[in-house]
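Report on one structure; see the data block that follows.
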Amino acid sequence: MLNQVYRLVSPRQFEVETVAEEVDADDLIVRPKFLSICHADTRYFFGQRSQAALRAKLPMALIHEAVGEVVYDPRNEYKPGTLVAMVPNTPVKKDSIIQENYLPSSRFRSSGYDGFMQEYVCLRRDRAITVPSDFDPHMAAFIEMVSVGVQALTKLESTMDEDQRVIGIWGDGNLGYITATLVKQIFPDSQLLVFGRHQSKLDYFSFADKTYLVDDIPADVKVSQALECTGGQGSEAAVQQIIQHIQPMGTAILMGVSENPVGIDTRSVLAEGLTLRGVSRSSREDFKRAVDILSSSPVTRERLQNLVGYVQKVSSIQDITNFFDSALTNYWGKEVMEWDV
Ligand SMILES: NC(=O)C1=CN([C@@H]2O[C@H](COP(=O)(O)OP(=O)(O)OC[C@H]3O[C@@H](n4cnc5c(N)ncnc54)[C@H](OP(=O)(O)O)[C@@H]3O)[C@@H](O)[C@H]2O)C=CC1
Ligand SMILES: O=C(CO)[C@H](O)[C@H](O)COP(=O)(O)O
Ligand SMILES: [Zn+2]
């Protein structure tokens, strides 16, 4: 099959390449429909990674948050037109200990492998998750980010001590908001505290028990467990505040991506017996749990609807470039492309 792949060849420069794809019985052919931008994509688009990283990764199709319609299934198990969420991580090896999203051999689309900005995606069939018909497709476009929140809270469940009284989230943006909605489902009896830098963003977290501006946290505020959802230069201050406000023997899940090393007050980590656990990407199981949680919780789907920030049809490379540029000034919510290229 000849396929048009829209690759970022250098910062802000997309080009279309014709690629010959081998399709076998284990694959599906999916037409991307709605694609959602992640900060990982904008770091490549704006050249906000080291020259070495850009040289290693580009050219590459961006986007790893997307839903699409099945157009061809060699096994006829999927009806044409079925909307599926596409799992960007493709494991090529199995490991009895290391999960698929941490296996170095796994292929993650839009990080060394072509992402979903393609005319058609040749998708291994175990990488497709059917989207229930009562899901809004614009919200469904970022199910991948919801699956990362599931991965984080699943790891918290398996790492934390018994203290479930107070869950703290640092980060008042997309990832913090998604993770906060999931905390209400996975830890329904816990108090949810959210710590952010913008009151106008914290106001969206109406379902949290309390929100705090990070420059105005009372010294006696304590959380049992914490999740860092900031990234960039904000991570260092967030981790430091988590260390200051977490109970001894608490667990902090680290999710924010920084291009530079982050300083950590290890003396306090030792003294308080803290656990820091890094979480990245997600697995098919996380996607399935994310869809199950959303299916059983209309209120969570409604909350996530608040994160659909900006939807725009794109029909040309210029439209795509303009869309990515607009992401720079988009203040709240996810940017979703209606893929018409
Ligand atoms: N681990 C994974 O697999 C994944 C990681 N990520 C990463 O997570 C990070 C967040 O992504 P996303 O939510 O989309 O980004 P957003 O920019 O939407 O949200 C981050 C928010 O955190 C705020 N912030 C910055 N510093 C602090 C602080 N010290 N305490 C509290 N809040 C702070 C930011 O404010 P301001 O803008 O003023 O700095 C911003 O409002 C990124 O690095 C992204 O790459 C995303 C998806 C998956
Ligand atoms: O956003 C993410 C997952 O949803 C990850 O942070 C992203 O995949 C990291 O990739 P890279 O190392 O290329 O920045
Ligand atoms: Zn991402």
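Each ligand, and each atom within it, is numbered from 1 in the order the structure gives.
At a 3.5 angstrom cut-off on N or O pairs, Gln241 does not count as close to ligand 1. Polar contact with ligand 1: present for Val257 (N/O pair, distance under 3.5 Å). The N/O atoms of Lys201, backbone and side chain alike, include one that comes under 3.5 Å of an N/O atom in ligand 1.
Among pairs with a residue in residues 67-82, those fulfilling salt bridge (charged side-chain N to carboxylate O under 4.0 Å, His left out) read Asp26-Arg75, Asp73-Arg125, Glu77-Arg125, at least two apart in sequence or across chains. Applying the ring pair (Phe, Tyr, Trp, His ring centres under 6.0 Å) test to every pair with at least one member in residues 65-84, sequence neighbours left out, gives no pairs at all.
Residue Val279 approaches ligand 1 through these ligand atoms, each under 4.0 Å from one of its heavy atoms: 1 (N). Each of the atoms 31 (C), 32 (N) of ligand 1 lies under 4.0 Å from some heavy atom of Phe195.
When all heavy atoms are compared, the tightest approach of Pro74 to Asp27 is CD-O, 3.1 Å.
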Check ligand 2 for close polar pairs with the protein: N or O on both sides, less than 3.5 Å.
{"residue": "ligand 2", "atom": "1 (O)", "partner": "His64", "partner atom": "NE2", "Å": "3.4"}
{"residue": "ligand 2", "atom": "4 (O)", "partner": "His64", "partner atom": "NE2", "Å": "3.1"}
{"residue": "ligand 2", "atom": "4 (O)", "partner": "Glu144", "partner atom": "OE1", "Å": "3.3"}
{"residue": "ligand 2", "atom": "4 (O)", "partner": "Glu144", "partner atom": "OE2", "Å": "2.7"}
{"residue": "ligand 2", "atom": "8 (O)", "partner": "Arg281", "partner atom": "NE", "Å": "3.0"}
{"residue": "ligand 2", "atom": "8 (O)", "partner": "Arg281", "partner atom": "NH2", "Å": "3.4"}
{"residue": "ligand 2", "atom": "10 (O)", "partner": "Arg281", "partner atom": "NH2", "Å": "3.0"}
{"residue": "ligand 2", "atom": "13 (O)", "partner": "Tyr44", "partner atom": "OH", "Å": "2.5"}
{"residue": "ligand 2", "atom": "13 (O)", "partner": "Ser111", "partner atom": "OG", "Å": "2.6"}

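Within the 4.0 Å heavy-atom criterion, neither part of Tyr177 lies near ligand 1.
Of the options Leu175, Thr230, Ile242, the smallest heavy-atom separation from atom 42 (C) of ligand 1 is shown by Thr230. Ranked by closest heavy atom to atom 29 (N) of ligand 1, the top entry among Gly232, Gly196, Gly234 is Gly234.
A salt bridge links Glu100 with Arg127; the closest basic N to acidic carboxylate O contact falls under 4.0 Å.
What sits closest to atom 16 (P) of ligand 1 on the protein, heavy atoms only, is His39 NE2, 3.6 Å. The protein non-hydrogen atom at the shortest distance from atom 5 (C) of ligand 1 is Met255 O, 3.1 Å.
Annotation: Trp339 is in aromatic contact with Tyr6 [ring centroid separation under 6.0 Å]. Ring pair Tyr212/Trp170: centre-to-centre distance not below 6.0 Å.
Residue contacts with ligand 1: Gln151 is excluded, as none of its non-hydrogen atoms falls under 4.0 Å.
Around the Zn ion (ligand 3), protein N, O or S atoms at a distance under 2.8 Å total 2; waters are neither shown nor counted.
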